[in-house]
Amino acid sequence: MIIATDMPEVAKCAVTQCAFNTDDACHARAITIGEGSDPDCDTFFNNSNHTHSSRTAGVGACKMTDCSHNQDLECSAESIQVGKSGDSVECLTYSTRH
């Protein structure tokens, strides 16, 4: 069995309402980015109970095929930031290909 450990990390998450957020850091094992045409954080879970894990989340998958960091449905950025964009929770590192 191969376990991927070279995922880009979620360097910062400003969405404090998420159950995986503690002190502006995401502590999910891995997150998925992309929902339809928006780079939403599919792992966002609105909950007042927060995880107590000390791990730093990685980006497990990215469904935004038009992102310049997307290579074979995986993120190739060194790290990403997640935050609010209007009413959505999105990958703020998302950048369309030119």
Side-chain angles (χ1 to χ4, degrees):
M1 173 176 24
I2 297 173
I3 298 175
T5 57
D6 60 346
M7 292 183 280
E9 74 174 29
V10 179
K12 180 177 181 179
C13 178
V15 186
T16 58
Q17 308 90 319
C18 184
F20 296 109
N21 186 313
T22 303
D23 299 325
D24 286 337
C26 181
H27 298 286
R29 186 174 307 269
I31 67 169
T32 298
I33 298 296
E35 185 59 43
S37 62
D38 296 318
D40 292 347
C41 177
D42 285 2
T43 311
F44 170 71
F45 176 52
N46 191 353
N47 195 309
S48 60
N49 293 321
H50 295 270
T51 185
H52 298 289
S53 172
S54 61
R55 72 178 155 244
T56 300
V59 182
C62 179
K63 298 186 254 179
M64 302 305 299
T65 56
D66 67 336
C67 181
S68 62
H69 303 291
N70 188 311
Q71 291 183 355
D72 199 25
L73 300 177
E74 294 181 346
C75 182
S76 65
E78 188 169 312
S79 65
I80 70 160
Q81 294 194 18
V82 175
K84 288 274 204 166
S85 179
D87 292 335
S88 297
V89 175
E90 295 188 352
C91 173
L92 302 178
T93 310
Y94 168 75
S95 172
T96 57
R97 299 180 197 274
H98 300 297

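Just so you know, these numbers come straight off a predicted model, no measurement behind them.
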> Looking at residues at least two apart in the chain, or sitting in another chain, which of them share a side-chain contact (heavy atoms from CB on, under 4.5 Å) with Asn47?
Replying inline: Ala19, Phe45, Asn49
Residues 65-72 side chain polar contacts: donor-acceptor under 3.5 Å, at least two apart:
unit_1 : atom_1 : unit_2 : atom_2 : d
Asp66  : OD1    : Tyr94  : OH     : 3.1
Asp66  : OD2    : Tyr94  : OH     : 2.8
Ser68  : OG     : Ser95  : O      : 3.2
Asn70  : OD1    : Leu73  : N      : 2.9
Asn70  : ND2    : Cys62  : O      : 3.1
Asn70  : ND2    : Met64  : O      : 3.0

>> If you define the side chain from C-beta out and look only at heavy atoms, does anything of Pro8 sit under 4.5 Å from Ser79?
In response: no
Show every donor-acceptor pair shorter than 3.5 Å between a side-chain atom in residues 80-91 and any protein atom, with sequence neighbours excluded, or say none if there are none.
none

> Looking at OG1 of Thr16 and CG of Asn46, how far apart are the two atoms once the value is rounded to the nearest 0.5 Å?
Replying inline: 9.5 Å
>> Holding to side chain to side chain donor-acceptor pair (under 3.5 Å), I want the full list of residues that pass it with Asp38, two or more places apart in sequence or in another chain.
In response: none
>> According to salt bridge (Lys or Arg N to Asp or Glu O under 4.0 Å), does anything in residues 10-22 pair up with another residue at least two apart or in another chain? List the pairs.
In response: none
> Is the number of heavy atoms from other residues, nucleotides or ligands under 6.0 Å of Glu74 CD greater than 12?
Replying inline: no
> How long is the gap from CZ on Phe44 to CG on Asn21, to the nearest 0.5 Å?
Replying inline: 9.5 Å
>> For residues 22-32, which residue pairs pass the salt bridge (Lys or Arg N to Asp or Glu O under 4.0 Å) check, not counting sequence neighbours?
In response: none
Please tabulate, for side-chain N and O atoms in residues 53-60, each donor-acceptor pair with protein atoms closer than 3.5 Å (sequence neighbours left out).
unit_1 : atom_1 : unit_2 : atom_2 : d
Ser53  : OG     : Arg55  : N      : 3.2
Arg55  : NE     : His27  : O      : 3.2

> Can you hop from Ile31 to Leu92 via hydrophobic side chains spaced under 4.5 Å?
Replying inline: no
> Taking C-beta and beyond as the side chain, do Lys63 and Ile33 meet within less than 4.5 Å on heavy atoms?
Replying inline: no
